[in-house]
Structures are given as structure tokens and as C-alpha cells.
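Following: one structure in C-alpha cells, then a few remarks.
Heavy atoms only: backbone and side chains are in, while hydrogens, waters and symmetry mates are out.
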Amino acid sequence: QGQDPAASPRPLVLVHPITQRHLCPPPAPPSITHWGSQQSSTALVTPRVSFSLPKVMEEEFQFLLCQRCQKEPRNPKLLSCLHTLCTDCLEENKPVGHCPICQSPIPQVSGIPDQDNLLFANLQAKLSTYQKIVSSSNLVCDRCKDLAEFWCSECEEFFCIRCFEAHQWFLKKKSHETRKVGDLKAESSKQFLQGARKSRILFCSNPTHNDQNYIASIYCRGCLKPLCCSCALLDSEHSKLYCNIRTEIERRQEELGSLSEELKRKKAHFEDVYKNLKGKADHMDKVRTENQELIQKRVEQMVKLIREKEQELLGMVDRQHCLGNEDLVAKLNQMEAVLKRMGAGEQLVEKMHLYASDQEVMDMQPFIKESLEELMKLQPLAVGASVQAGDFAKCKAKLQALVVGCPWNNGIGKPASCDAVSAP
């Protein structure tokens, strides 16, 4: 049994199924995991390749993206509000300590939850493997690099024919499901994930058994941990609290199912309340819009009325001004003519004194004297009473009535209040 049954270039580590001792010296640590070795069921599986959803799967697996940035999550974290966010969004989140989607508090001081979303992380890894299977025509064995024809969902490794035979020989008593790569290519992504889900094995929670392939078949309700048969026999204190691991899994699934049904009923009640509140908010928005439109309409009517009154009052002022101004202009023209005659007479007499000869004085003096005597008989016109401030009293009265009076009494009507809009 110490020989390699598949003649693999790498030495196999064979372990006795009872004593768990090596049947041949262990090799140097390889770059990949040994057949049958598995991480703890609670360990976070990180995809080896960049996760990118093919177009045919984009809609169905959108839930795997970060619920904030809608990008591939790096180390997805599950918050207590059950939102899943990537570490980048949590590190950039402001304010720290609250979910950026629903504002629920995050108890951790750093603002980054301790709980990893193991489901999403493992699904990413499996979808990356599926994408690798369907998109590559030359898959290689993870152990010898020959052409791969099989894939073990438990080991998460590709095998050539020789390594597949060695894998089957070594794990012939184990429940590792190994399938042909060609068959996997013909499956849909959903079928692939369901097949990988069914084949997963639970391992003992004892940290010393993590790398020795101890399969857990018992669950301790006292320790709240899965145990292998060896650990269960050694822990006699909790022997009455043991149950089949499958029973515990089914119980937890049923418990989650019951909570989900209760949550649906609770959600329906919240949806009714939300719908009612949304209706009230929509009604308030409608009332606001209606009153805004009503105010704008009434103000436009008021402005139109005031503009009409403005033109009416301005017309009255212009007419009143014209009536008083005609007489005033005539009198101004008459006074202007008299002043011009007086100025001409004054100038002529002055020049006569300076330059007139005796003969000129004798000839012109009678005519000038007669004209000056006529000017001396003229009296200034009494124009003070022709333009009085009371002439515009009617205009001022109408303006005052427009300012202090209620504009709604001029045919517009009173504006409707918000209460006038009926509530739902």
C-alpha cells in the first residue's frame, strides 16, 4: 500500500483509516491541499480567481454583489441588519458605526462587523470554478498538470485520469463526489451549485482534527459544536445532549423557515403601514402642489388687477394734468410776450440815452412814450388759483383705496385654504 497507485510524479500521503498514521513518509508541503483535507465549515473561502458573473447568470446572482456599490465584494461582511457589504464600503462608510443602507447601528467600534457572509463568499468561489469549467477547453490537473477530466466538489480540485483513480482509491470509503468535467459543462450554474451543495462534508470542530479529515456526525447541544465519533466518546459529560448532525441541520433549517414565515407576516403588516404612510405623504405632496398653483394663480390675478388700476390712475393723472396745464401754458405764453416787450422797451430807452441825436429824440420819443405807457397799464395775471393740490384728490383717494382695501372684493374672490382640499 506504500506505492502510488496512479504513478503520480508527486508522492501521496496515505493515512491508515483506523490508526490515522502515515503509511509512507510525508512529502514536503505541496502548494495545494491533500485529498480529503478540508477547512473548518466556518472558515471563509476566498476565491482564487476574480469573480465575474457571465451574462447568462448576471440577473440570477446579482444578490452576490455588494448591496451598496454593486461591485464584487472583497471579503463580504454580514451586518446585524442582514445587509451584506464589502470591506471597502465599510472602510469608507460615513458616519462610522451605521449601515449606509438602512442606518442601523454597527456595534463594532471599527465600524466593520466580525461576521463574514460565508454563504456569499463560498458561492463566489464556486461560481468562479464553474466559470472556469465552462469557459476553458484545456483545464489541467491540480496535482500533475495533465489534462483534467474530473472535478471533486469536496476537494475543490481538478484531476486527470491517473490522479482521479488515486483519489478514488484513497477515498473509496469517503463521500467525495467526483464528476466528469464534460458533464459539468453541460449543467447550468444553478445545477452546478446545487450539486456542490449536496456533496459538502462537515468536519469535527476540534482544532487538532482540522487537518486529519475527522468527519463530524454528531452535534453536541451543550458545546454547540459538531463532533466526530472520537471526540464524542471522550466527552461523556455531554453524552445526553448529543444528536445526529443531520437532525440538528434539519432543525436549524426548520427554525429559519419558521422565522421566515413569521417575517413574511410581519413584513406584510409593515408593507400595509408603509403603504398608508406613503399615501398620506403623496396626498400632502398633492395638496402642496394644488395650493402652490392656487397661490400663483391668485397672485397673477392680483398683479393683473393692480396693473389695470395702475394704468387707470396714471390715465386720470394725465387727464387732470392736461386740463390744468392748457390754461397755465396760455398764461405762461402771455407773460413771456409781455416780458419780451418790456425787455425791448428797456433796451431801446437805454440806447436812446447813449446814442440818439437830438433830431432822433424829437422824432421817436412820442412813439416810444405811447408804447411804454401801454406797457405800464398791464398788470400781472392772477395764476395762483388755477393749479391747486386738490385737483388730484380723486386720484389719491382711489390709490389709497387700492392700497388699504381688500383686493378680493374686486371680483377675484378669496383664496382657498389648505383645508379646502379634501383629505383621503
Side-chain angles (χ1 to χ4, degrees), residues 283-422:
H283 173 70
M284 290 183 66
D285 292 341
K286 181 181 178 181
V287 171
R288 179 192 63 181
T289 302
E290 290 177 351
N291 278 274
Q292 287 175 340
E293 293 174 353
L294 182 62
I295 290 171
Q296 291 174 349
K297 181 179 178 181
R298 292 293 186 262
V299 170
E300 288 174 359
Q301 291 177 339
M302 289 175 61
V303 171
K304 181 180 179 181
L305 173 64
I306 292 174
R307 290 298 181 189
E308 290 174 354
K309 291 295 182 181
E310 175 192 23
Q311 295 302 319
E312 179 184 346
L313 293 174
L314 290 176
M316 288 182 64
V317 171
D318 287 340
R319 288 192 296 273
Q320 188 65 31
H321 174 266
C322 289
L323 290 175
N325 196 48
E326 287 178 0
D327 184 46
L328 183 61
V329 169
K331 291 179 180 180
L332 283 173
N333 292 335
Q334 185 179 358
M335 292 298 101
E336 184 179 356
V338 172
L339 289 173
K340 288 180 179 179
R341 289 174 61 188
M342 288 182 175
E346 184 181 1
Q347 182 183 22
L348 182 58
V349 171
E350 181 183 356
K351 301 306 178 186
M352 287 288 291
H353 282 290
L354 292 175
Y355 306 112
S357 63
D358 293 342
Q359 184 63 46
E360 292 171 341
V361 171
M362 293 301 295
D363 293 339
M364 296 179 64
Q365 189 270 345
F367 180 81
I368 295 173
K369 178 182 176 182
E370 182 179 359
S371 297
L372 291 177
E373 287 176 351
E374 289 181 6
L375 284 174
M376 294 298 293
K377 293 178 183 179
L378 296 176
Q379 297 294 328
L381 297 175
V383 298
S386 62
V387 180
Q388 299 292 334
D391 294 342
F392 293 95
K394 186 176 180 180
C395 296
K396 290 182 178 180
K398 286 193 173 186
L399 177 62
Q400 185 68 16
L402 181 64
V403 173
V404 301
C406 179
W408 314 111
N409 294 330
N410 292 294
I412 295 180
K414 294 183 179 181
S417 65
C418 295
D419 296 334
V421 183
S422 61

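- Leu313 and Cys395 make their closest contact through CD2-O, 3.8 Å (heavy atoms, listed as atom of the first residue, atom of the second, distance).
- In this structure, the separation between CD on Gln359 and CE on Met362 is 7.5 Å, given to the nearest 0.5 Å.
- Put simply, the side chain of Arg307 does not reach to within 4.5 Å of the side chain of Gln311, judged on heavy atoms.
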Intermediate values then yes/no, salt bridge (charged side-chain N to carboxylate O under 4.0 Å, His left out), Glu312 and Lys309:
CA-CA 5 Å; Glu312 179 184 346; Lys309 291 295 182 181; 3.8 Å; yes

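- Residues Leu402 and Lys398 are not in side-chain contact: their nearest non-hydrogen atoms beyond the backbone lie 4.5 Å or more apart.
- For Met284, the CE atom sits in a loose shell: 12 or fewer heavy atoms of surrounding residues, nucleotides or ligands are nearer than 6.0 Å.
- In plain terms, the two heavy atoms of Val361 and Ala356 that are nearest each other are CG2-CB, 3.8 Å.
- Ionic pairing of Glu374 and Lys377 is not present here: no N-O contact between side-chain nitrogen and carboxylate oxygen is shorter than 4.0 angstrom.
- Taken from CG in Leu314 to CE in Met316, the straight-line distance is 11.0 Å, to the nearest 0.5 Å.
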Could you go through Glu308 and Leu305, starting from their C-alpha distance and side-chain angles, then the distance that decides it, and tell me whether this counts as side chain to side chain contact (heavy atoms under 4.5 Å, CB included)?
CA-CA 5 Å; Glu308 290 174 354; Leu305 173 64; 4.3 Å; yes

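- How far CD of Gln292 is from CG of Leu294: 11.0 Å, rounded to the nearest 0.5 Å.
- Other residues, nucleotides and ligands contribute only 12 or fewer heavy atoms inside 6.0 Å of the CG atom of Asp358.
- Note that the CE atom of Met302 and the CD1 atom of Ile295 stand 11.5 Å from one another [nearest 0.5 Å].
- Atoms CD and NE2, on Glu290 and His283 in that order, are 8.0 Å from each other to the nearest 0.5 Å.
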